[in-house]
J.: 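Here it is, the structure, as structure tokens.
Letters A, B, ... are given to chains in the order of the sequence lines, protein chains preceding strands, and every chain is numbered from 1.
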Amino acid sequence: MEINFIPIDYDYFDYQGRTYAKIIGRTDKGKKVCIIDEVPVYFWAILKPKLLEKKIRQLQEKIERIKVESANRESKVLKTEVHDKNFLGKECKAIKIFITNLKDAHDIADKMGFDEIEKRREYDLGYVTKYILERKLKPLVWYNIDGELITDNELGGINSIEVDDVLKLKTIKLLEKQPEFKPKILAYDIETDEFEIGKGHILMISLVGENFKKVLTWKGKDSKKQFVENFKDETEMLEAFVRYVKEQDPDILTGYFSDNFDLPYLRARAEHNQMKLNLGIDNSQPSFSRGRLLTGKIKGIVHIDMLRFIQIVYSQYLQSETLSLNEVASELLGEKKTEWEHKHSSKIKKHEWEDYFEYNLQDSVITKNLAEKIWPDLQEFTRIIQEPLFEISRDSMSAHVENYIIHNLERFNEIAEKRPTHEEIGDRREEGRFEGAFVLQPVPGLYSNVIFFDFTSMYASVIVSYNLSKSTYSEKEIPDSVEVDLNPKAYFSKKPGFFPQMLAEIIKKRKMYKQEYNQKKDTLSKARSNAFKLLANASYGYQGFFGARYYCLPAAAATAALARSSVKDAIEKIKNQGYKVIYSDTDSIALLQENKTKKQVLETLEKINSELPGVMELDLEGFFKRGIWVTKRTGEFGAKKKYALIDDKNKLKIRGFETVRRDWCNLARQTQNKILQLILENGNEKQALEYLKKIVKQIKLREIPLEQLLIRTQLKKPIEEYKSISPHVTIAKKMKEKNIPVNIGMLIEYYIAETNEKKALVRDRAKMPDEKGKYDIEYYLKNQILPAVENIFEVFNVNTNELLDGKKQMKLGEF
DNA sequence: GGTCCTGCGTTACC
DNA sequence: ACCGGTAACGCAGGACC
């Protein structure tokens with residue numbers, strides 16, 4: 001039978017010693033279908049150069065005799081073939097070794113310690129990756145599939161899984177016209193009495209899908225809400241949850257922080273109540289793999305923890321200071337949810353339960369909206385990198401880069417490099433650091449007509465332009481190469497390597513889809529452009545990352561070194577054209593327009609671009625009517641990574657200042673922001689100074705609400721591990737004593753209060769927000785407000801310290 | 001008891 | 001363990017006088 005099919009989830013199973021792929025997807029008629037398929041599995045033995053044919057044949061025979069036995073199967077080599085391949089850009093002869101079961105590839109490879117073999121490779125690729133490579137049945141791409149319906153008890157009863165049809169694949173054909181795919185998304189969220197997994201009851205579970213809204217609970221017998229469904233106890237509620245998930249039959253089950261909270265909690269409570277949380281299409285329970293973080297997997301339904309994907313892919317582009325559902329949703333969706341003050345169920349009053357149900361439902365509604373908003377990005381990442389959605393939603397950026405490489409090696413006839421061993425990782429981490437970016441020390445001041453240039457995807461374009469990669473690198477001087485002045489010197493062949501070539505394509509596609517987006521303003525080209533941009537930006541970090549298959553520290557060091565010299569060259573050229581360069585950081589250059597016209601500026605840019613190597617490109621980032629740079633708090637020099645700009649539309653761009661640092665109190669941040677705004681709008685400090693005086697007075701009169709004075713600092717490790725006990729650690733200890741849950745990653749809130757005895761240490765004056773106390777006027781003036789503004793006023797030779805003198809008078813009773 | 005310096009720790013920039 | 005280096009700066013803690 002023939003169907004149009006889109007693969008969503010990939011899995012595999014063993015039956016009678018053989019491995020089968022099991023792909024779950026949808027048909028264009030909306031049916032959920034499982035495809036069963038088989039591909040030959042193999043790995044490679046790369047041979048030493050110049051082996052005689054006879055030798056190779058003898059070796060093949062030896063290899064073909066290898067067998068390994070494990071508890072439940074015997075695995076052997078099925079056949080071997082000799083191929084001309086490339087490994088790390090070099091031509092080689094390699095034996096392709098076909099085996100019965102991929103799981104035994106390691107053991108078979110271990111038995112191949114023959115002299116003629118230089119390296120064994122690709123025994124460490126996962127089955128699903130191998131399957132996608134081999135069959136070219138790529139995730140989230142439409143295919144026409146011809147398959148045979150499995151109706152009997154074949155393959156150990158595979159047809160009993162909960163899908164519409166199970167098909168054994170015969171042939172696949174890529175569909176020319178790719179229709180839009182909208183997955184069925186079901187969002188869920190639980191509310192519990194305790195934060196520790198499984199410790200307390202699950203009070204309620206919300207489920208939200210298309211035209212489907214439910215809150216399942218055993219606490220809702222008095223509820224008048226339509227969406228609330230009441231059950232006898234927790235067990236019945238959990239059973240109903242499983243039932244509803246199956247009934248809804250989603251492609252994606254999504255939660256927020258659900259890998260590490262909701263799903264493991266559900267599993268733990270099911271266990272506690274001696275029932276099975278059989279969510280899988282084969283009635284299996286969710287499984288959890290342990291890395292540093294839990295990962296929850298459900299067979300046949302893609303479980304996606306939205307937080308993971310947002311953390312990895314979006315967080316650097318978000319303004320949100322925490323990645324809480326509330327903050328992220330309000331930034332990405334413009335939705336604010338109503339707050340609920342968490343308390344134990346025994347303390348919830350009757351009428352409050354209704355609000356609690358509403359709150360619980362809302363979390364799932366928001367999570368679903370978030371998933372729909374982010375879907376284009378998830379989809380495009382999946383299509384571009386060609387790994388399953390489940391992995392794409394959780395993998396780190398380095399894994400994305402690596403998977404992109406692996407799925408594109410075939411065009412280069414390349415055999416994949418292996419993953420580093422623990423020892424190799426250890427050695428790599430010992431290798432030490434290399435010099436990074438160049439940052440130009442600014443001269444403090446208020447400047448008019450500031451222009452910013454920046455290099456587009458600078459590191460990626462350096463890698464491409466200078467061909468920097470593991471396969472092009474040489475320790476020793478080689479013909480037709482570029483020498484990079486590192487210690488020791490590094491040489492990179494001019495013959496294009498596969499990684500720089502792939503990266504060149506990534507950059508090209510980024511450019512193409514960005515242009516397409518600028519014309520069409522559609523979500524698809526935006527998501528594509530975004531995915532390629534992120535891949536390009538992660539490429540430099542990838543080559544310097546100790547866990548990478550294609551780790552190459554000299555390539556990373558050379559990338560940084562050539563980026564430094566490129567930016568310095570550009571600065572010199574700009575200066576030679578008669579401009580003053582006032583600042584530069586990594587890939588950007590700030591210069592003053594002064595008496596030049598915009599046309600002249602663009603000509604300068606053009607000239608520099610014409611002289612840049614390869615795909616490197618200097619771009620006009622923007623014109624700003626004013627900009628301010630300040631001194632460091634210690635010393636006379638200009639502070640790096642701290643400046644503020646304003647454009648013609650009075651839009652501010654603030655970098656590095658306390659305004660953008662979440663570990664300063666809101667009052668200091670807002671005051672500084674306002675002062676920067678007034679100065680940049682007016683071009684002088686007059687109004688800003690008046691504003692500051694007003695704020696100082698309000699502080700002294702205790703008119704500032706405590707919320708404005710709270711300092712938030714993240715707890716980054718267990719309390720006991722801190723060598724230096726700073727205020728937030730002290731508060732975290734206090735919270736723990738009071739049985740308030742304290743987790744790693746939490747933002748600890750506190751304020752600094754006055755004390756009777758004059759204690760020197762800040763931490764001894766730190767109090768929790770709900771602790772009684774008067775805020776310490778002197779602390780907030782001297783340690784928050786003044787430090788945030790004094791360097792700014794110093795630009796105008798205004799000494800803000802004088803404003804503080806009022807505090808003595810206050811103590812004398814002036815206020 | 002004060003001053004100075006250093007290291008820890010967090011958060012930013014790119 | 002899950003991409004890199006550069007940088008600012010508060011606070012604690014110890015050296016030193």
Side-chain angles (χ1 to χ4, degrees), chain A residues 291-293 295 308 311-312 316-317 321 391 394-402 419-420 422 425-426 428-429 432-442 452 454-455 457-460 534-548 550-551 553 555-557 559-561 563-564 567 583-589 621 630-635 637-643 653-664 668 711-717 721-730 747-748 752 760-766 779 782-784 787-788 791:
Chain A
R292 210 188 59 205
L293 288 165
T295 291
R308 294 276 283 265
Q311 236 164 12
I312 293 157
Q316 53 176 322
Y317 299 100
E321 284 169 17
E391 275 73 27
R394 290 172 177 79
D395 279 353
S396 64
M397 280 314 294
S398 68
H400 287 321
V401 173
E402 189 149 289
R419 229 181 261 129
H422 274 288
I425 288 179
R428 289 174 179 189
R429 298 186 78 175
R433 293 150 64 95
F434 56 87
E435 193 181 336
F438 166 70
V439 188
L440 180 74
Q441 183 122 47
F452 264 75
D454 65 7
F455 284 91
S457 298
M458 189 190 211
Y459 282 148
L534 286 163
L535 270 181
N537 288 346
S539 59
Y540 157 73
Y542 173 77
Q543 298 203 101
F545 167 50
F546 51 78
Y550 293 100
Y551 170 80
L553 199 70
T559 308
R564 283 196 301 275
V567 83
Y583 184 62
S584 169
D585 184 350
T586 313
D587 60 355
S588 70
I589 300 168
E621 212 264 319
V630 300
T631 53
K632 292 208 292 178
R633 278 185 61 68
T634 48
F637 300 109
K640 298 171 177 179
K641 300 185 187 284
K642 255 184 125 166
Y643 59 89
K653 184 171 171 178
I654 298 176
R655 293 288 118 103
F657 273 110
E658 285 74 5
T659 303
V660 298
R661 292 184 60 94
R662 70 171 183 194
D663 56 348
W664 283 70
I711 298 164
R712 297 178 183 87
T713 313
Q714 194 182 27
L715 194 72
K716 308 256 284 190
K717 54 185 179 185
E721 280 179 29
Y722 280 91
K723 285 179 194 161
S724 175
I725 310 302
S726 44
H728 80 292
V729 181
T730 315
L747 278 188
I748 306 292
I752 306 304
L761 295 181
V762 177
R763 67 168 174 228
D764 294 327
R765 291 178 281 152
Y779 175 84
K782 275 175 70 178
N783 295 45
Q784 291 280 329
N791 296 343

J.: Can a side-chain donor-acceptor contact be found between Tyr542(A) and Glu402(A) if the only test is distance below 3.5 angstrom?
T.: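 Looking only at side-chain atoms, Tyr542(A) and Glu402(A) do form a donor-acceptor pair, the distance falling under 3.5 Å.
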J.: Using a cut-off of strictly less than 4.0 Å, decide whether Arg661(A) has a side-chain nitrogen or oxygen near OP1 or OP2 of dT10(B).
T.: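 The answer is no; no side-chain N or O of Arg661(A) sits under 4.0 Å from OP1 or OP2.
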J.: Do you know which two heavy atoms are closest between Ser588(A) and Val567(A), and how far apart they sit?
T.: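 Taking Ser588(A) first and Val567(A) second, the nearest heavy atoms are O-CG2, 4.4 Å.
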J.: Describe the nucleic acid contact of Leu293(A) in one word from base, sugar-phosphate, nothing, applying a heavy-atom distance below 4.0 Å.
T.: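 Counting heavy atoms under 4.0 Å across all strands, no contact is made by Leu293(A).
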J.: Rounded to whole angstroms, how far apart are OH on Tyr542(A) and P on dG5(C)?
T.: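 Answer to the nearest Å: 17 Å.
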J.: By nearest atom, which of the nucleotides dG10(C), dC2(C), dA12(C) is closest to the Ser398(A) side chain?
T.: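 Looking only at side-chain atoms, Ser398(A) lies closest to dC2(C).
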J.: Check the phosphate of dG4(C) against Arg428(A), side-chain N and O only, distance under 4.0 Å to OP1 or OP2. Yes or no?
T.: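 Answer no for this pair, as no side-chain N or O of Arg428(A) is under 4.0 Å from OP1 or OP2.
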J.: Using a 4.0 Å heavy-atom cut-off across all strands, classify Gly436(A) as base, sugar-phosphate, or nothing.
T.: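 Here Gly436(A) touches the backbone only, sparing every base.
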J.: Examine dC11(C): is either OP1 or OP2 under 4.0 Å from a nitrogen or oxygen in the side chain of Tyr779(A)? Give yes or no.
T.: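 Affirmative; the distance criterion is met.
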J.: Closer to the 5' end of DNA chain C via nearest nucleotide, is it Pro727(A) or Ala399(A)?
T.: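 By nearest-heavy-atom nucleotide position, the 5'-most residue is Ala399(A).
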J.: Taking the minimum atom-to-atom distance to the side chain of Lys640(A), which one of dG4(C), dA8(C), dT10(B) wins?
T.: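 The listed nucleotide nearest to Lys640(A)'s side chain is dA8(C).
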J.: After noting the C-alpha distance and the side-chain angles of Ser724(A) and Ser726(A), does the key distance pass the side chain to side chain donor-acceptor pair (under 3.5 Å) rule?
T.: CA-CA 6 Å; Ser724(A) 175; Ser726(A) 44; 5.4 Å; no
J.: Please tell me if Asn783(A) has a side-chain N or O lying less than 4.0 Å from either OP1 or OP2 of dC11(C).
T.: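 Yes, Asn783(A) has a side-chain N/O under 4.0 Å of OP1/OP2 on dC11(C).
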J.: Have a look at Gly547(A) and say if it touches a base, only the backbone sugar-phosphate, or nothing, with a 4.0 Å heavy-atom cut-off.
T.: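 Nothing, no heavy atom under 4.0 Å.
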J.: Name the nucleic acid region contacted by Tyr722(A), choosing base, sugar-phosphate or nothing; use a 4.0 angstrom heavy-atom cut-off, strictly under.
T.: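 Touches sugar-phosphate only.
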J.: Whole-Å distance between dT11(B) P and Ile748(A) CD1?
T.: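 Value for this atom pair: 11 Å.
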J.: If you check the Arg433(A) side chain, which of dG5(C), dC14(B), dC2(C) turns out closest?
T.: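 Within the option list, the nearest is dG5(C).
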J.: Please give, in whole Å, the distance from dC14(B) C1' to Leu534(A) CG?
T.: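 These atoms are roughly 14 Å apart.
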J.: On a heavy-atom basis, which atom in Arg428(A) and which in Phe546(A) lie closest, and how many Å separate them?
T.: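 For Arg428(A) and Phe546(A), the tightest heavy-atom pair comes out as NH1-O, 2.7 Å.
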J.: Report yes if a side-chain nitrogen or oxygen of Lys641(A) is closer than 4.0 Å to either non-bridging phosphate oxygen (OP1 or OP2) of dA7(C); otherwise report no.
T.: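 Answer no for this pair, as no side-chain N or O of Lys641(A) is under 4.0 Å from OP1 or OP2.
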J.: If every non-hydrogen atom of Asn791(A) is compared with every non-hydrogen atom of Thr631(A), which pair is closest and at what distance?
T.: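 Distance-wise, the nearest heavy atoms are ND2-O, 3.2 Å.
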J.: Hey, is the side chain of Tyr643(A) poking within less than 4.0 Å of OP1 or OP2 on dC14(B), counting only N and O atoms?
T.: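 Yes, because at least one side-chain N or O of Tyr643(A) sits under 4.0 Å from OP1 or OP2 of dC14(B).
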J.: Considering just the side-chain nitrogens and oxygens of Arg633(A), establish if one lies under 4.0 Å of OP1 or OP2 belonging to dG10(C).
T.: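 True: Arg633(A) side-chain N/O within range (under 4.0 Å) of dG10(C) OP1/OP2.
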J.: From C-beta outward on Val439(A), which listed nucleotide comes closest to its side chain: dA7(C), dT10(B), dC2(C)?
T.: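 Given the options dA7(C), dT10(B), dC2(C), the side chain of Val439(A) is closest to dA7(C).
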J.: For His728(A) and dT10(B), is the shortest distance between a side-chain N/O and OP1 or OP2 below 4.0 Å?
T.: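 For His728(A), the contact criterion (side-chain N or O under 4.0 Å from OP1 or OP2 of dT10(B)) is met.
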J.: With no hydrogens and no angle check, is any side-chain donor or acceptor of Arg763(A) less than 3.5 Å from a backbone partner on Thr730(A)?
T.: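 Flag not set: sc Arg763(A) to bb Thr730(A) has no pair under 3.5 Å.
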J.: Mind checking if Ala556(A) touches a base, just sugar-phosphate, or nothing, with heavy atoms under 4.0 Å?
T.: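 If one applies the 4.0 Å heavy-atom cut-off, Ala556(A) turns out to touch nothing in the nucleic acid.
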J.: Taking CZ from Arg419(A) and C1' from dC2(C), how many angstroms apart are they, rounded to a whole number?
T.: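 In whole Å, dC2(C) C1' and Arg419(A) CZ are 12 Å from each other.
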J.: For dG13(C), take OP1 and OP2 only and decide whether either is under 4.0 Å from a side-chain N or O of Ser724(A).
T.: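 Answer is no, no contact under 4.0 Å.
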J.: May I have the distance from Lys642(A) (atom NZ) to dA8(C) (atom P), rounded to whole angstrom?
T.: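 Distance, rounded to whole Å: 9 Å.
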J.: Among dC8(B), dG4(C), dA12(B), which nucleotide has an atom closest to any side-chain atom of Lys723(A)?
T.: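 The listed nucleotide nearest to Lys723(A)'s side chain is dC8(B).
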J.: Would you call the rings of Phe434(A) and Tyr540(A) parallel, tilted or perpendicular, taking 30° and 60° as the class edges?
T.: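 Judged by the thresholds at 30° and 60°, the geometry between Phe434(A) and Tyr540(A) is perpendicular.
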J.: Return the value, rounded to whole Å, for the distance between atom CD1 of Ile711(A) and atom P of dG10(C).
T.: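 Spelled out: CD1 on Ile711(A) to P on dG10(C) is 12 Å.
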J.: Scan Glu435(A) against the nucleic acid and name what it touches under 4.0 Å (heavy atoms): base, sugar-phosphate only, or nothing.
T.: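 If one applies the 4.0 Å heavy-atom cut-off, Glu435(A) turns out to touch the sugar-phosphate alone, with no base involved.
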J.: How many whole angstroms separate atom CZ of Arg763(A) from atom P of dC8(B)?
T.: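 Rounded to the whole Å, the gap is 16 Å.
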J.: Can you find a side chain N or O atom of Lys717(A) that sits less than 4.0 Å from OP1 or OP2 on dG9(B)?
T.: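 True: Lys717(A) side-chain N/O within range (under 4.0 Å) of dG9(B) OP1/OP2.
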J.: To the side chain of Gln714(A), which of dA7(C), dC14(B), dT10(B) is closest?
T.: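 For Gln714(A), the side-chain atoms sit closest to dT10(B).
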J.: When all nucleic acid strands are considered with a 4.0 Å heavy-atom cut-off, which category describes Phe657(A): base, sugar-phosphate, or nothing?
T.: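 It contacts nothing in the nucleic acid.
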J.: Looking only at the side chain of Phe546(A) (C-beta and beyond, no hydrogens), which of the listed nucleotides dA1(C), dG9(B), dT10(B) gets closest?
T.: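 Output: dA1(C).
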J.: For the residue pair Arg564(A) and Phe438(A), would you count it as a cation-pi contact if the rule is NZ or CZ under 6.0 angstrom from the ring centre and within 45 degrees of the ring axis?
T.: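 Here Arg564(A) fails the 6.0 Å and 45° test against Phe438(A).
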J.: Base of dT10(B), side chain of Arg662(A) - is there a donor-acceptor contact under 3.5 Å?
T.: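 No such pair is found, so the answer is no.
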J.: If I take atom CD1 in residue Ile725(A) and atom P in nucleotide dG13(C), what distance separates them, rounded to the nearest angstrom?
T.: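 About 7 Å, once rounded to whole Å.
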